[in-house]
Amino acid sequence: MEKLQYLADEGFLQKAEQVWNLDKTAFNTSETFNRIVARKGTKQIWSQFDGSEKEVSTIRPAGNAAGLQLKCTALYAGKRHVRSRLDGTKSMCYHSANPSGYMDAKLFAEYVKEVLFPAMTEDKNVIFVDGHFSHVNNELLSKYCKLFYVENKIKVHIFCLPAVQTNHLQPFELAVPP
């Protein structure tokens, strides 16, 4: 609570445009799962995989409390992503790849730098994230936050929510803005 109080006292929580959230979900394409990612109203969803691959994909939405939703991350397992995966996304996805398909510190920091920072309009911002290792003590992200402040005079605090509580506290765990 002290950290939240500090952010409030320092003016980081005054406007909805200052409060950002990122969350992720990963799924294995070779297993049966009860969730998919598709455009609302799609009648048929086909797979480009025959089910024999063991690939993990990660999807990460991002937005602020004012309702601005940014490009989501689509992270694939592999050395590079297949260009056809971009079809139909209309530049609304930030595509990346790594060997595991799970988010890592470098990809997370790059996404924040390339997608989140340019969307920030307030001089003080806070990003709420879960306790995933790619968020906690991310030196590259800290470096980017410092450079962003030097170049733009915009302060950014990363706030890690308590472990095992994000399903109750993290906004994107509860609802994704329309």
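Keep in mind that what you see is a predicted model, and the values were worked out from it rather than measured.
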Give the table of side-chain donor-acceptor pairs shorter than 3.5 Å for residues 11-18, with sequence neighbours excluded, one pair per line with atom names and distance.
unit_1: Lys15; atom_1: NZ; unit_2: Glu122; atom_2: OE1; d: 3.2
unit_1: Gln18; atom_1: OE1; unit_2: Gln14; atom_2: N; d: 2.9
unit_1: Gln18; atom_1: OE1; unit_2: Lys15; atom_2: N; d: 2.7
unit_1: Gln18; atom_1: NE2; unit_2: Gly11; atom_2: O; d: 2.7
unit_1: Gln18; atom_1: NE2; unit_2: Lys124; atom_2: O; d: 2.9

Donor-acceptor pairs under 3.5 angstrom involving side-chain atoms of residues 142-156: please list them, not counting sequence neighbours.
unit_1: Ser142; atom_1: OG; unit_2: Asn138; atom_2: O; d: 3.2
unit_1: Tyr144; atom_1: OH; unit_2: Glu110; atom_2: OE2; d: 2.5
unit_1: Asn152; atom_1: ND2; unit_2: Phe148; atom_2: O; d: 3.2

Practice prompt. Go through the steps to decide whether Trp20 and Leu68 satisfy the test side-chain contact (heavy atoms from CB on, under 4.5 Å), and finish with yes or no.
Written response: CA-CA 9 Å; Trp20 298 86; Leu68 176 64; 3.9 Å; yes

Item to complete: Dump the intermediate steps for side-chain contact (heavy atoms from CB on, under 4.5 Å) on Val126 and Lys3, then the final yes or no.
Response: CA-CA 11 Å; Val126 61; Lys3 292 178 183 178; over 6 Å; no

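Of the inter-residue distances, the one linking Asn125 atom CG with Leu116 atom CG reads 8.0 Å to the nearest 0.5 angstrom. Between the OG1 atom of Thr121 and the CG atom of Asp123 there is a distance of 9.5 Å, given to the nearest 0.5 Å.
Minimum heavy-atom separation, Phe128 to Asn21: O-ND2, 2.9 Å.
Taking the side chain as every heavy atom from C-beta outward, Leu70 and Tyr111 approach each other to under 4.5 Å.
Partners of Glu139 by side-chain contact (heavy atoms from CB on, under 4.5 Å), not counting sequence neighbours: none found.
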